[in-house]
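A short write-up of the structure that comes next.
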Amino acid sequence: MPRVALSREQQKRNKIKILIEWIDGRMHSKGLKQEDVAKELNITQEAFSMRMNPKTYEKNKRADPFKFGDLLILFNILEATPEEKERLTTL
């Protein structure tokens with residue numbers, strides 16, 4: 001089956017979805033709650049929940065869910081491997 005070229009917007013949505021799924025899966029495997037991660041990011045649990053909702057980004061209401069500094073904190077908390085860090089930051 002031939003591949004279809006995705007638009008820039010579709011590529012961005014896919015990248016955000018992959019990142020959010022990785023964070024959610026890693027939180028689950030580490031036994032962390034949204035409250036725990038939000039506290040490390042110095043935001044409320046509600047704000048973290050909104051950042052983890054991919055539908056927010058499909059409607060173009062927000063830019064990227066996490067800034068680079070936030071990603072570094074998340075990678076530290078969730079114990080990301082160097083390969084995961086590279087893959088997720090270059091999506």
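These values consider heavy atoms only, across backbone and side chains, with no hydrogens, waters or symmetry-generated copies.
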Residues 33-40, side-chain donor-acceptor partners within the protein, below 3.5 Å, at least two apart:
unit_1	atom_1	unit_2	atom_2	d
Gln34	OE1	Gln45	NE2	2.5
Asp36	OD2	Lys33	N	3.0

Open item on the list: Let me confirm one number: the NZ-CG distance from Lys85 to Leu72, rounded to the nearest 0.5 Å.
Closed with: 7.5 Å
Task: Under the salt bridge (charged side-chain N to carboxylate O under 4.0 Å, His left out) test, residues paired with Glu84 that sit two or more places apart - done: Arg26
Open item on the list: Distance check, rounded to the nearest 0.5 Å: Ile20 atom CD1 versus Leu88 atom CG?
Closed with: 11.5 Å
TODO: State, to 0.1 Å, how close Arg51 and Asp70 come at their nearest heavy-atom pair, and which atoms those are.
DONE: NH1-OD2, 3.2 Å
Task: Pairing residues for Lys30 by the side-chain hydrogen bond (donor to acceptor under 3.5 Å, both in side chains) criterion, not counting sequence neighbours - done: Glu79
Task: Sequence neighbours excluded - ring-ring contact (aromatic ring centres under 6.0 Å, His included) pairs with any residue from residues 6-33 - done: Trp22-Phe75
TODO: Could you tell me the separation between the NZ atom of Lys67 and the CD1 atom of Ile73, rounded to the nearest 0.5 Å?
DONE: 11.5 Å
TODO: Determine the minimum heavy-atom distance between Phe68 and Thr89, stating which atoms define it.
DONE: CE1-CG2, 4.3 Å
Task: Leu41 CG to Leu71 CG distance, which is reported to the nearest 0.5 Å - done: 9.5 Å
TODO: State the CD1-CD distance between Ile23 and Glu21, to the nearest 0.5 angstrom.
DONE: 11.0 Å
